[in-house]
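Everything below concerns the one structure shown next.
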Amino acid sequence: MDIKSYTEALEWIHGTLRMGIKPGLMRMEWMLARLANPENKNKWVHIAGTNGKGSTLTFLRNILEQSGYRVGTFTSPYIETFNERISVNGTPIDDEKIVVLCNRIKPLADEIAQTEMGHPSEFEIITVMMFLYFAEYDNIDIGLIEVGLGGRLDSTNVITPLVSVVTTIGMDHMEFLGNSLESIAMEKAGIFKKHIPIVSGVIQPEIRVLYEEKANECESRLYQLDTHFSMQKQVEGVFTYRTENQEIIDIGVGLMGDHQLCNAAVAIRTAELLKEQQFVITDENIKKGLKKAKWPGRMEQIHDNPIIFLDGAHNLEGMKVLVHSAKKFKGVRIKVLFTAMKDKEFTEMISLLNGIDDVQIYLTTFDYPRALAKNEIKQIATANNIMAVENWENKLNNWIASGGEEVILITGSLYFISEVRKKLLYY
């Protein structure tokens, strides 16, 4: 039966979420072969990492756009609309194309469901939609693909990119990727391909050694931050980029936080490698692109009085970065509205948030299957000597109505950030 509307299309896509996460590429390869391998029709950059994937992709997209290229992007999760996961030059795919793509893919999903491989997952379906869209329904010069989970067995790992990128490595998704940094790092390194250059922004010395070994196995050139290229901060939001024979000074970035300077440096090194492959990119394109870059939900100021920031620090590594960034608010009282998924290390994240000066933490929940339940947030709040908030909307409305000099920092799950952002944009 045909899918007739955008609503029906989303219901079908999200309905496949119950199929769960299914690591492995068999279903992807089967469906793509039936569609004449659309993943082979374009040039790609493949981006993995625990945190920083979306920011690095945004920096690179803006550099390429400033250079005159038409850039497709595949990101997750979305912040405003589902469609933004598949975008061209920042413009999300339209509703009608979602319907068309679902009608192309649903018969294949139904057919493969009858085999021992089983029904494809939600992410597999969306990934196939993306490859098909960029191959047959829109013209792009290059596509930037963000890995969904891990790398080696991720649905996106069916491409041979021009450059493979790993941003950072931290403890996340351990149930799928392993319980050590090394095992997680090697899963991410699963995107490395033979003779394809690699850009790494990882900071741990032991992971850098692992990646050197893996790059040698692949006979690929590795470009490591702080070894083959570097970022030197000049002032807040401005840095100098250096390689052995190059320097670009006074680079301003459109995203807040010192970690974004490192992400920007990784994006520049990736752009430089694309230049070696016939892309025309100038230092001026790089500067303009990085300055223009915006990424919703990443230390994004969304309200002025009181000052409200949104940040999707949804794992320990992200929370460490957020706490470091919060140092800029020294001398100001900070209210933190936080929630996380049940499978995240929320107690450790609360402990990190307690490291912020003059902070008051409010733990809340929201309507999402994996979110903490109301009775759970009360227990967790009591155990951690913080406050539980059952209705975050009422609490936020009260804070906004009363104004005040404090900074309100809303953080945790990106799905929660998406919900809050919608409310605040129309407040």
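From a predicted model like this one, the values you see are computed outputs, not experimental measurements. Just so it is clear, the values below take in all heavy atoms, side chains as well, and ignore hydrogens, waters and symmetry mates.
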Sidechain N-carboxylate O distance under 4.0 Å for [X], [Y]:
X	Y	value
Lys106	Asp110	yes
Asp258	Lys233	yes
Asp141	Arg70	no
Lys275	Glu272	yes
Glu419	Lys423	no
Lys320	Glu317	yes

Just to verify, what does [X] make a ring pair (Phe, Tyr, Trp, His ring centres under 6.0 Å) with, not counting sequence neighbours?
X	answer
Phe229	none
Phe131	Trp44
Trp295	none
Tyr6	none

Shortest non-hydrogen contact from [X] to [Y]?
X	Y	answer
Thr56	Ala267	O-CB, 4.0 Å
Cys102	Ala9	SG-CB, 3.8 Å
Thr168	Asn51	OG1-O, 2.8 Å
Ile125	His119	CD1-CE1, 4.0 Å
Lys53	Ile47	CD-O, 3.7 Å
Gly312	Leu414	CA-CD2, 3.6 Å

May I ask you to check if Arg85 and Tyr78 form a cation-pi contact, with NZ or CZ under 6.0 angstrom from the six-membered ring centre and within 45° of the axis? no
Strictly distance-based, threshold 3.5 Å: is any side-chain N or O of Asn285 a donor or acceptor partner for the main-chain N or O of Ile281? no
For Lys4, does its backbone N or O pair with a side-chain atom of Asp2 as donor and acceptor, under 3.5 Å? no
Test salt bridge (charged side-chain N to carboxylate O under 4.0 Å, His left out) applied to [X] - qualifying residues, sequence neighbours left out:
X	answer
Lys214	none
Asp357	Lys330
Glu300	Arg421
Glu136	Arg104

Using 0.5 Å steps for rounding, measure from the OG1 atom of Thr365 to the CD atom of Glu390. 9.5 Å
Nearest-0.5 Å distance that lies between atom OG in Ser87 and atom CG in Leu144: 11.0 Å
Do the side-chain N and O atoms of [X] and [Y] include a donor-acceptor pair separated by under 3.5 angstrom?
X	Y	answer
Gln260	Asn263	yes
Lys193	Asn157	yes
Ser180	Ser183	yes
Ser351	Asn354	no
Asp95	Asn83	yes
Thr156	Asp154	yes
Gln234	Asp250	yes
Ser200	Gln224	yes

Does the ring centre of Tyr211 sit less than 6.0 Å away from the ring centre of Phe192? yes
Decide if the gap between the ring center of His14 and the ring center of Phe82 is smaller than 6.0 angstrom. yes
Please list all pairs meeting ring-ring contact (aromatic ring centres under 6.0 Å, His included) that have one or both residues in residues 377-421, counting only residues at least two apart or in different chains. Tyr362-Trp399, Phe366-Phe416, Tyr368-Tyr415, Trp392-Phe416
Got a sec, which residues hit side chain to side chain contact (heavy atoms under 4.5 Å, CB included) with Ser325, two or more places apart in sequence or on another chain? His259, Met299, Val321
Just to verify, what does Ala373 make a side chain to side chain contact (heavy atoms under 4.5 Å, CB included) with, not counting sequence neighbours? Asn375, Glu376
Contacts of Gln301 meeting side chain to side chain donor-acceptor pair (under 3.5 Å) (sequence neighbours excluded), chain-then-number -> Asp304
Tell me, yes or no, whether the heavy-atom count around [X] atom [atom1], taken from other residues, nucleotides or ligands under 6.0 Å, exceeds 12.
X	atom1	result
Ile203	CD1	no
Asp367	CG	no
Lys374	NZ	no

Apply the test salt bridge (Lys or Arg N to Asp or Glu O under 4.0 Å) to residues Lys97 and Asp138: give CA-CA distance (whole Å), side-chain angles for both, the deciding distance (0.1 Å), then the verdict. CA-CA 10 Å; Lys97 287 294 190 303; Asp138 207 329; over 6 Å; no
